[in-house]
Amino acid sequence: LKKAKFTKSFELYTPGTVDTARRRFSMETDLRRALQMGELELHYQPLVDLDTGLLSGFEALARWQHADLGAISPVDFIPVAEESGLIVPLGRWALEEAAKTIALWDERMLGQQDFRISVNMSAVQIQRDDVVEAVSSALRGSNIAGNRMTLELTESAFINDPEGAKRLLDDLKSLDTNLAMDDFGTGYSNLAYLQQLPIDVLKIDRSFVSEMMVNKDKRAIVRTVLSLARALGMKTTAEGIESSEISEVLRRLGCSVGQGYYFARPMTSDAAYAFLVADKSSPTI
Ligand code: C2E
Ligand code: MG
Ligand code: MG
Ligand code: MG
């Protein structure tokens with residue numbers, strides 16, 4: 001009763017805030033349960049080598065099918081996971097699940113197809129968990145080599161503690177994993193600092209790619225990132241490719257890998273495995 005009263009008086013002044021807080025609280029409760037009950041899934045979106053048209057791997061993307069609310073986007077539940085600390089078990093689950101998938105597909109294909117799976121790691125997860133231990137335990141648990149996995153990190157993971165971030169990346173690199181800077185171009189980028197990091201891939205954010213044909217400035221940014229990557233000896237992945245035209249322009253500009261609805265949407269693990277098997281015989285583009 002006391003609680004109800006409190007809520008009510010609060011509502012008088014800031015209805016929006018309370019509403020958001022309550023929704024967030026219930027989403028947090030549901031998310032905790034979903035994690036415990038195994039109700040989250042990874043879907044996989046193909047990454048395509050722009051030169052050969054062959055599949056080079058997949059990005060693992062978390063999906064949550066809520067019993068009452070239906071599909072909830074990671075854009076909505078990842079922030080809740082970050083604020084509640086659930087990003088730690090969620091992040092470990094994603095690493096383990098991706099590692100298991102690599103081992104399973106290898107076993108089914110007798111190791112005949114070479115592919116990598118990329119896993120997203122949140123800046124909050126990196127702050128709160130021993131991610132080097134999390135990654136190495138996922139690799140060990142499925143008995144796979146580190147170079148089968150790419151870890152996608154964002155620039156926000158590096159702002160507060162550049163020295164610590166460098167040490168962390170060096171440690172992840174010593175597990176032989178591939179490291180990608182996700183959503184590149186949207187955040188803070190200290191170029192002098194970037195050069196010191198053992199980053200393998202710059203992932204150009206979708207906001208630049210999707211509008212590069214109609215917006216000169218975005219196109220200029222894409223070109224700049226591509227030449228920067230070349231200068232630093234890094235590979236590039238462009239996300240959000242939705243047309244053959246964009247794919248072709250990026251290929252000509254020297255972008256290594258493409259990802260987007262033009263090639264394929266994120267799909268269930270079974271569909272992705274079928275995609276992988278089909279790719280063995282014929283190029284995607
Ligand atoms: P991201 O890592 O930048 O992933 C790329 C997002 O772009 C995905 O959205 C993907 O479905 C979407 N995408 C790819 N190609 C296209 C395209 O051609 N057009 C359009 N419109 N969208 C495209 P999604 O799956 O909704 O994930 C959103 C974000 O949520 C991810 O952005 C990532 O930051 C985060 N996320 C997803 N799964 C995880 C996870 O397991 N752990 C963490 N920490 N974050 C995750
Ligand atoms: Mg990503
Ligand atoms: Mg991205
Ligand atoms: Mg993005």
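As the structure lists them, so they are numbered: ligands from 1, and atoms in each ligand from 1.
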Gap between atom [atom2] of [Y] and atom [atom1] of [X] - 0.5 Å precision:
{"X": "Gln125", "Y": "Asp129", "atom1": "CD", "atom2": "CG", "answer": "6.5 Å"}
{"X": "Asn178", "Y": "Ile117", "atom1": "CG", "atom2": "CD1", "answer": "13.5 Å"}
{"X": "Leu151", "Y": "Lys173", "atom1": "CG", "atom2": "NZ", "answer": "9.0 Å"}
{"X": "Leu179", "Y": "Leu172", "atom1": "CG", "atom2": "CG", "answer": "6.0 Å"}

May I ask which of [options] has a heavy atom nearer to [atom] than the others do?
{"atom": "atom 30 (O) of ligand 1", "options": "Ala264, Pro74, Ser118, Ala60", "value": "Pro74"}
{"atom": "atom 7 (O) of ligand 1", "options": "Gln125, Lys203, Arg206", "value": "Arg206"}
{"atom": "atom 17 (C) of ligand 1", "options": "Tyr261, Phe77, Phe263", "value": "Tyr261"}
{"atom": "atom 19 (N) of ligand 1", "options": "Gln45, Glu242, Arg63", "value": "Glu242"}
{"atom": "atom 10 (C) of ligand 1", "options": "Asn120, Leu95, Leu61", "value": "Leu61"}

key: Cation-pi geometry met for Arg116 and Phe58 (6.0 Å, 45°)   =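 Geometry flag: not set, cation outside 6.0 Å or 45°.
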
Using a strict cut-off of less than 4.0 Å between a Lys/Arg side-chain nitrogen and an Asp/Glu carboxylate oxygen, indicate whether [X] and [Y] qualify as a salt bridge.
{"X": "Arg128", "Y": "Glu82", "answer": "no"}
{"X": "Asp170", "Y": "Lys166", "answer": "yes"}
{"X": "Arg252", "Y": "Glu248", "answer": "yes"}

The single option from Leu276, Asp106, Val277 passing side chain to side chain contact (heavy atoms under 4.5 Å, CB included) against Gln113 =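 Single side chain to side chain contact (heavy atoms under 4.5 Å, CB included) partner of Gln113 among Leu276, Asp106, Val277: Leu276.
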
With heavy atoms of [X] as the reference, note each atom of ligand 1 found under 4.0 Å away.
{"X": "Gly240", "result": "15 (N), 16 (C), 17 (C), 18 (O)"}
{"X": "Asp182", "result": "1 (P), 2 (O), 3 (O)"}
{"X": "Glu239", "result": "3 (O)"}
{"X": "Ile241", "result": "18 (O)"}
{"X": "Pro266", "result": "11 (O)"}
{"X": "Gly260", "result": "15 (N), 18 (O)"}

Sub-3.5 Å N/O-N/O distance, Gln259 and ligand 1 =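 No; every N/O pair is 3.5 Å or more apart.
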
task = Decide whether an N or O pair under 3.5 Å exists between Ala62 and ligand 1.
result =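 Indeed, backbone or side chain, Ala62 has an N or O that close.
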
Side chain, backbone, both or neither: Asp205 near ligand 1, heavy atoms under 4.0 Å =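 Neither; nothing of Asp205 gets under 4.0 Å from ligand 1.
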
ask   = Which bit of Arg265 gets closer than 4.0 Å to ligand 1, counting heavy atoms only: side chain, backbone, both or neither?
value =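 Arg265 to ligand 1: no contact under 4.0 Å from either part.
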
query = Measuring to the Mg ion (ligand 3), does Glu59 have an N/O/S atom at a distance below 2.8 Å?
reply =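 No, Glu59 does not qualify, because none of its backbone or side-chain N, O or S atoms lies under 2.8 Å.
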
message = Within 2.8 Å of the Mg ion (ligand 3), is there any N, O or S atom belonging to Glu239?
response =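 Checking Glu239: at least one N, O or S atom is under 2.8 Å.
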
query = Is it true that His43 lies under 4.0 Å from ligand 1, counting heavy atoms only?
reply =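 Checking ligand 1 against His43, which is what was asked, there is no heavy-atom contact under 4.0 Å.
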
query = Which single N/O/S atom of Glu152 lies at minimum distance from the Mg ion (ligand 2)?
reply =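 For Glu152, the N, O or S atom at the smallest distance from the Mg ion (ligand 2) is OE1.
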
query = So does Asn120 have any N/O/S atom less than 2.8 Å away from the Mg ion (ligand 2)?
reply =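 Checking Asn120: at least one N, O or S atom is under 2.8 Å.
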
request  = Check the angle between the aromatic planes of Phe158 and Tyr193 and answer parallel, tilted or perpendicular using the 30° and 60° thresholds.
outcome  =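 Taking Tyr193 first and then Phe158, their aromatic rings stand perpendicular (interplane angle over 60°).
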
ask   = Roughly, to 10 degrees, what angle do Asp182 atom OD1 and Asp183 atom OD1 form around the Mg ion (ligand 3)?
value =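 About 90° at the Mg ion (ligand 3).
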
message = Using the rule given for side-chain contact (heavy atoms from CB on, under 4.5 Å), can you reason through Val119 versus Leu42, listing the C-alpha separation, both sets of side-chain angles and the distance that settles it, and then say yes or no?
response = CA-CA 10 Å; Val119 181; Leu42 286 182; over 6 Å; no

ask   = Under a single-linkage rule joining Ile, Leu, Val, Met, Phe, Trp and Tyr whose side-chain heavy atoms are separated by less than 4.5 Å, which residues share a cluster with Leu47?
value =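 Result for Leu47 is Val257.
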
request  = Sequence neighbours left out, what pairs pass side-chain hydrogen bond (donor to acceptor under 3.5 Å, both in side chains) with at least one residue falling in residues 54-66?
outcome  =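 For residues 54-66, and leaving out neighbouring residues, the side-chain hydrogen bond (donor to acceptor under 3.5 Å, both in side chains) pairs sorted by first residue read Asp30-His66, Glu59-Asn120, Glu59-Lys203, Glu59-Gln259.
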
